[in-house]
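To start, the structure itself, in structure tokens.
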There are 2 protein chains.
Amino acid sequence: MASIKDVAHHAGVSVATVSRVLNDHPSVRADTRDRVLSAVAELGYRPNAVARSLRTDQTRTLGLVISDVLNPFFTELARSVEDEARALGYSVIIGNADERPDLQDHHVRSLMDRRIDGLLVSPTDGGSPLMLDAARSGTPMVFVDRWIGGVDVPVVRTDGRGAVRDLVAHLHALGHRRLAIISGPAATTTGRERVQAFRSALAEFGMALPADHMGQGDFQADSGRRVTARFLDLPEPPDVIFATDNLMVLGAMDEIRARGLRVPDDVALAAFDDVPWFVHTDPPITAIAQPTGELGRAAVRALIDLVEGRTAESVILSARLVTRRSCGEPEGSKP
Amino acid sequence: MASIKDVAHHAGVSVATVSRVLNDHPSVRADTRDRVLSAVAELGYRPNAVARSLRTDQTRTLGLVISDVLNPFFTELARSVEDEARALGYSVIIGNADERPDLQDHHVRSLMDRRIDGLLVSPTDGGSPLMLDAARSGTPMVFVDRWIGGVDVPVVRTDGRGAVRDLVAHLHALGHRRLAIISGPAATTTGRERVQAFRSALAEFGMALPADHMGQGDFQADSGRRVTARFLDLPEPPDVIFATDNLMVLGAMDEIRARGLRVPDDVALAAFDDVPWFVHTDPPITAIAQPTGELGRAAVRALIDLVEGRTAESVILSARLVTRRSCGEPEGSKP
DNA sequence: CTGAAAGCGCTTACAG
DNA sequence: CTGAAAGCGCTTACAG
């Protein structure tokens, strides 16, 4: 692979001049510039980004550590992050933590070893020592979707409270009174917040959330199924199961089907996070939709502000309820 | 951030010795080694991977360029690629081409600028000059899923012919005679091969594939919907629509629903690629399942063989038919 | 067993 | 406007 030296030699100039041309430095004579450019073209020269990074101490790369790539919410988030980053001249390296704190640490470490310019993370847990260190080390960092308290890191997330309240109102209006929830890990903010929002909304409508109507999931399909089985084994099973992510609702549906029960006649179903195929399930699933694309883009903008020495503010967007037929509503209000 | 010099100073040794300890070089006295290690711990030192890469000319990083991250098939592929690479001591940087040749080129270029050790690609098109150059430049490269002819690059892919034949047999047995197909881009191997396999199987069962029963899609949901609309507008619409990927079948379903028609009573539906939620659609969708995880792992192993100077063979795995109810089969054969 | 030195491919102050 | 030189943080052949 041709190096800058080869180009310099080929064009009859010094490597400094080649570098200047490559970096659009103004003080290069037009004909020198042309000579360098044709040498570049002729040799098919491409600057070595590794060497450049070592010298300039910037990689123009962002790290993104997400909890689970297979979760369509995070896939979409990753996609919007990459799009916005690219538009702003950055690349992104994605690390998939698979909801495992140890893997998350692995990725954070590996990304920092590569000297990424900034780190976007949606933490799997409450914050490992490594993550906390990273947050305090001065590496530009932004939390997206989920966050960790006690560190000075901007957070870009969705406030689902309004939408959860709308969901509860919708369920109440349909006559449901025994509502159950499958929560995410208590170590995550989204795991806790969604339950809190649900509980407050229930209270507002004069309903309670007894302990046996709360099931601890881990944001993966299997846990949705397990918790649902427990709910359905209750002497008085709930009217509605609200799964707090799009994977657990799948597990819930599996269990309901396996027992030969029907949605919504036997149990109604709703989910946090909306995904394209919720329209195609039987029945279509009522869900709370996050502005995922905007979440990713806002997070990237905040992170790049930090990277480039500006200040960054936290951003809170709102979710909205998309009613379909899984809670018993008559056909009509399409998304 | 502490550098190797700081560690050397702290431990009272030369940077060469620190480097040796870090790289497990045998000829370091145990006590020297201990001293270095405690300096490393004390300073929280982490080697700069950028500097190391520049020096050793290897990044221990693989590039993966896929056609569409939002397509669950590719998401799963990316995940298995990352898992296997990590197990073998490599990181991976994913580039999402979004089915756009220009974006694909952008990622290939960017990845090569970063001097990744090897490139895994599932080409969006027939091969841009850049892609061809890359393939010939000596950068270790492996095609996965889709491939480009005329270059000496191992291919790790699925042969779907047997499964497509099984699908056609299944459809024929159910009494379907007018079968239609929504193909992918003709510039991709999977776009062409799936149609060929379908046509051969039809011939075997004495059925034809008239031009108006072939629709050109682009592997995205919208195109599935558009082609399905055309099929349904035919004076004699097909009995079955076979969408050659999991996104286009979604579009097909949308169009069928929008017209108030029912699957499989009015039109049957089948797809290439199986995804978890096909079990939950109404009705569950009959699909051809690829061994996606194994595909990704085999591709990584082949690529790393090349990277580490060994030879690599192409690998061909087989797909299998998973029958569900979307083609009219009575309940029974679950996946 | 350990150190001094060269060098990977760049960028950039400093001269001229 | 251009070049010579230093230096980013490492690794590694070469001495000793």
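Quick note on labels: first sequence line is chain A, next is B, and so on, each numbered from 1. Because the structure is a prediction, the values reported are computed rather than measured.
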Set of salt bridge (charged side-chain N to carboxylate O under 4.0 Å, His left out) partners for A:Asp113, sequence neighbours left out: B:Arg46
Set of residues satisfying salt bridge (charged side-chain N to carboxylate O under 4.0 Å, His left out) with respect to B:Asp152, sequence neighbours excluded: none
Checking B:Glu99 now: which residues fulfil salt bridge (charged side-chain N to carboxylate O under 4.0 Å, His left out) with it, not counting sequence neighbours? B:Arg146
Chi angles and distances behind the side chain to side chain donor-acceptor pair (under 3.5 Å) call for B:Gln104, B:Asp125: CA-CA 9 Å; B:Gln104 172 178 271; B:Asp125 60 2; 3.2 Å; yes
What pairs with B:Tyr45 under side-chain hydrogen bond (donor to acceptor under 3.5 Å, both in side chains), at least two apart in sequence or on another chain? none
Would you please name every residue forming a side-chain hydrogen bond (donor to acceptor under 3.5 Å, both in side chains) with A:Ser19, sequence neighbours left out? A:Asn23
Just jot down the salt bridge (charged side-chain N to carboxylate O under 4.0 Å, His left out) partners of A:Arg157, sequence neighbours excluded, or say none. A:Glu193
Annotated structure of DNA chain D as dot-bracket, pair cut-off 3.5 Å, Watson-Crick or G-U only, | for inter-strand, is |||.||||||||.|||
Is there a residue in residues 27-38 of chain B whose heavy atoms reach under 4.0 Å of DNA chain C, and which residues are they? B:Ser27, B:Val28, B:Arg29, B:Thr32
Tell me, please, which residues at least two apart from A:Arg114 pass side-chain hydrogen bond (donor to acceptor under 3.5 Å, both in side chains). B:Thr61, B:Ser91
Output one letter per nucleotide in nucleotides 8-16 of chain D: B when a protein non-hydrogen atom lies under 4.0 Å from the base, S when only the sugar-phosphate is that close, - when neither is. BBBBBB---
Any pair with a residue in residues 66-79 of chain A that passes salt bridge (charged side-chain N to carboxylate O under 4.0 Å, His left out), sequence neighbours left out, goes on the list, sorted by first then second residue, please. A:Arg79-A:Asp83, A:Arg79-B:Asp98
Side-chain donor-acceptor pairs under 3.5 Å in residues 131-138 of chain A, sequence neighbours left out?
| residue | atom | partner | partner atom | Å |
| --- | --- | --- | --- | --- |
| A:Ser137 | OG | A:Ala134 | O | 2.8 |
| A:Ser137 | OG | A:Thr139 | N | 3.3 |
| A:Ser137 | OG | A:Thr139 | OG1 | 3.0 |

